[in-house]
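The shown structure was predicted, so the numbers you read here are calculated from the model rather than taken from an experiment.
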Amino acid sequence: MAYEALGPLQRETLSRWEREQAQLKASVIDWDTEAWQRDSDFAGLHRVGGVDISFIKGDDVRACASLVVLSYPELEVLYEECRMVNLTAPYVSGFLAFREVPFLVDAIQRLQKKDPSLMPQVLLVDGNGVLHHRGFGVACHIGIITDLPCIGVAKKLLQVDGLKNNDLHKEKIQHLKMGGDTFPLMGDSGTILGMALKSHSKSSKPLYVSVGHKVSLEAAVRLIQTCCRYRIPEPIRQADIRSREYIRRTVELANSQEAGQERRREGLKEKHSPTLSPTRGLEESAGEERPPENPSPGHPS
């Protein structure tokens, strides 16, 4: 988005967001900080979290923010929270975190207060980490604010630092034969920003894994692979499934309540309105009297 196309308040908002990103980026840790991360089998890892935001169809404001925590390595759901929210910040490419992160952080903080024993030891985020326009995506943002190890998992390649979804990139994807196969995402700067991962042998599209906070890229890729029953890692997949189901139930309930209110309103109208034929109603409303009709033969008048 070109700055000259924005109003003064929008330019000021983006400038503030850029400054905040730069300040937070300085705190990103891109190496393993936990003992379980350095173990080949992730011994000591027991809880893996996933977050997601799903929108009501046709509505870019009302959404469902979801947090799930799964056991590891079983990948069974231990905890879930879904909550409807209103996203008031505008969507601007490169600044997604300022629109979505506050609601996901709130969910994590509620869990911390409610039951600290269920807090995730690592959080998988549907989005990017250091694979970002300014090296600070949504997974980094959540990681810094919550101080949790975070991993960015994107379904599409973010084309930054010379990375392009071109013929060469597609050719590299074709060489990913088995689940667990990877190739590095090296930008024009010479920096490896993430890894393309074939997460499942039957999947034709890779995932794009990048460091969020307090984990190395190597450990992040290994962990994502172990969390995939299908293409999408189970914590993110479950967060998505449950948020969409919550929206479905919420919208259905709202529609049902609205229909019930409408039926009650119609019932009240019928109860308090005289029963008139359409013709008579029109005549009486015009102040005209209608002569009595002759009774039908064989019927009393």
Side-chain angles (χ1 to χ4, degrees), residues 32-54 64-83 104-105 107-108 110-112 114-129 138-139 142-143 146 148-155 176 178-182 194-248:
D32 295 327
T33 60
E34 314 302 312
W36 61 261
Q37 295 166 336
R38 295 184 287 271
D39 186 272
S40 59
D41 296 320
F42 296 122
L45 177 61
H46 305 295
R47 298 174 305 282
V48 181
V51 291
D52 183 68
I53 286 188
S54 296
C64 177
S66 64
L67 164 67
V68 298
V69 181
L70 276 61
S71 62
Y72 187 88
E74 300 85 4
L75 301 178
E76 300 298 330
V77 175
L78 302 173
Y79 173 87
E80 70 169 291
E81 183 198 85
C82 294
R83 183 169 293 202
L104 301 176
V105 170
I108 295 165
R110 282 192 293 270
L111 173 57
Q112 175 67 51
K114 189 185 304 181
D115 193 345
S117 68
L118 289 177
M119 280 290 288
Q121 294 166 274
V122 60
L123 196 64
L124 310 189
V125 180
D126 183 8
N128 292 291
V138 62
I142 294 178
T146 63
L148 287 172
C150 279
I151 301 171
V153 184
K155 295 183 282 290
L176 301 176
M178 301 295 294
D181 288 352
T182 63
M195 198 75 72
L197 166 69
K198 187 178 180 72
S199 58
H200 193 278
S201 295
K202 294 183 179 180
S203 176
S204 60
K205 298 178 181 179
L207 296 175
Y208 298 98
V209 181
S210 57
V211 169
H213 185 49
K214 297 177 74 172
V215 63
S216 69
L217 182 58
E218 185 271 336
V221 172
R222 282 197 299 118
L223 179 60
I224 296 303
Q225 177 59 30
T226 66
C227 287
C228 288
R229 290 175 174 167
Y230 305 95
R231 180 191 175 215
I232 307 301
E234 201 64 13
I236 294 176
R237 179 173 171 271
Q238 288 297 327
D240 176 70
I241 289 172
R242 289 160 194 264
S243 63
R244 292 181 188 280
E245 174 61 19
Y246 188 83
I247 285 177
R248 187 189 66 78

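One N or O on the side chain of Ser71 and one on the backbone of Glu76 form a donor-acceptor pair closer than 3.5 Å. Between the side chain of Arg231 and the backbone N or O of Lys205, at least one donor-acceptor pair lies under 3.5 Å. No donor-acceptor pair closer than 3.5 Å links the side chain of Ser203 to the backbone N or O of Ser199.
Among Arg237, Gln238, Arg244, the one residue that satisfies the side-chain hydrogen bond (donor to acceptor under 3.5 Å, both in side chains) test with Asp240 is Arg244. For the side chain to side chain contact (heavy atoms under 4.5 Å, CB included) test with Val69, the passing option among Leu123, Leu111, Val77 is Leu111; the others fail. Just one residue in the list Cys228, Pro235, Pro233, Ser210 forms a side chain to side chain contact (heavy atoms under 4.5 Å, CB included) with Val153, and that residue is Pro233.
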Please assess Leu148 against Gln121 for the test side-chain contact (heavy atoms from CB on, under 4.5 Å), listing each intermediate value before the final yes or no. CA-CA 7 Å; Leu148 287 172; Gln121 294 166 274; over 6 Å; no

Carefully, step by step, assess Cys64 and Ile53 under the rule side-chain contact (heavy atoms from CB on, under 4.5 Å). CA-CA 6 Å; Cys64 177; Ile53 286 188; over 6 Å; no

Run the side-chain contact (heavy atoms from CB on, under 4.5 Å) test on Asn128 and Val138 for me, step by step, so that the C-alpha distance in whole Å, both residues' side-chain angles and the decisive distance to 0.1 Å come before the verdict. CA-CA 6 Å; Asn128 292 291; Val138 62; 5.8 Å; no

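Note that CG of Asp32 and NZ of Lys214 are 11.5 Å apart. Values are rounded to the nearest 0.5 Å. Gln112 contributes atom CD, which lies 9.5 Å from atom CG of Asp115 (distance to the nearest 0.5 angstrom). Note that CZ of Arg242 and OG of Ser66 are 9.5 Å apart. Values are rounded to the nearest 0.5 Å. The OH atom of Tyr246 sits 9.0 Å away from the CD atom of Glu81 when rounded to the nearest 0.5 Å. Distance check: Leu45 CG to Glu34 CD gives 10.0 Å after rounding to the nearest 0.5 Å. To the nearest 0.5 Å, atom CD1 of residue Ile236 and atom CD1 of residue Ile224 are 6.0 Å apart.
When all heavy atoms of Pro206 and Ala196 are compared, the pair lying nearest together is CB-CB, 4.4 Å. The two residues Val48 and Leu124 come nearest to each other via the heavy atoms CG1-CG, 3.9 Å. Here the shortest heavy-atom pairing between Val209 and Leu217 reads O-CD1, 3.7 Å. Shown here for Leu67 and Ala107, the closest heavy-atom pair between the two residues is CD2-O, 3.7 Å. Residue Val211 comes nearest to Ser216 through the heavy atom pair CG2-C, 3.9 Å, listed as atom of the first residue, atom of the second, then distance.
Taking the salt bridge (Lys or Arg N to Asp or Glu O under 4.0 Å) definition, one finds that Asp126 meets it with Lys155, sequence neighbours left out. Under the ring pair (Phe, Tyr, Trp, His ring centres under 6.0 Å) criterion, Tyr72 pairs with no residue, sequence neighbours left out.
When side chains are defined from C-beta on, Ile151 counts as touching Val215, because their heavy atoms get closer than 4.5 Å. With contacts defined as side-chain heavy-atom distances shorter than 4.5 Å, the pair Thr226/Pro73 does not qualify.
Applying the side chain to side chain donor-acceptor pair (under 3.5 Å) test to pairs two or more places apart or on separate chains, those with a residue in residues 36-54 are Asp52-Ser54, Asp52-Ser243, Ser54-Ser243.
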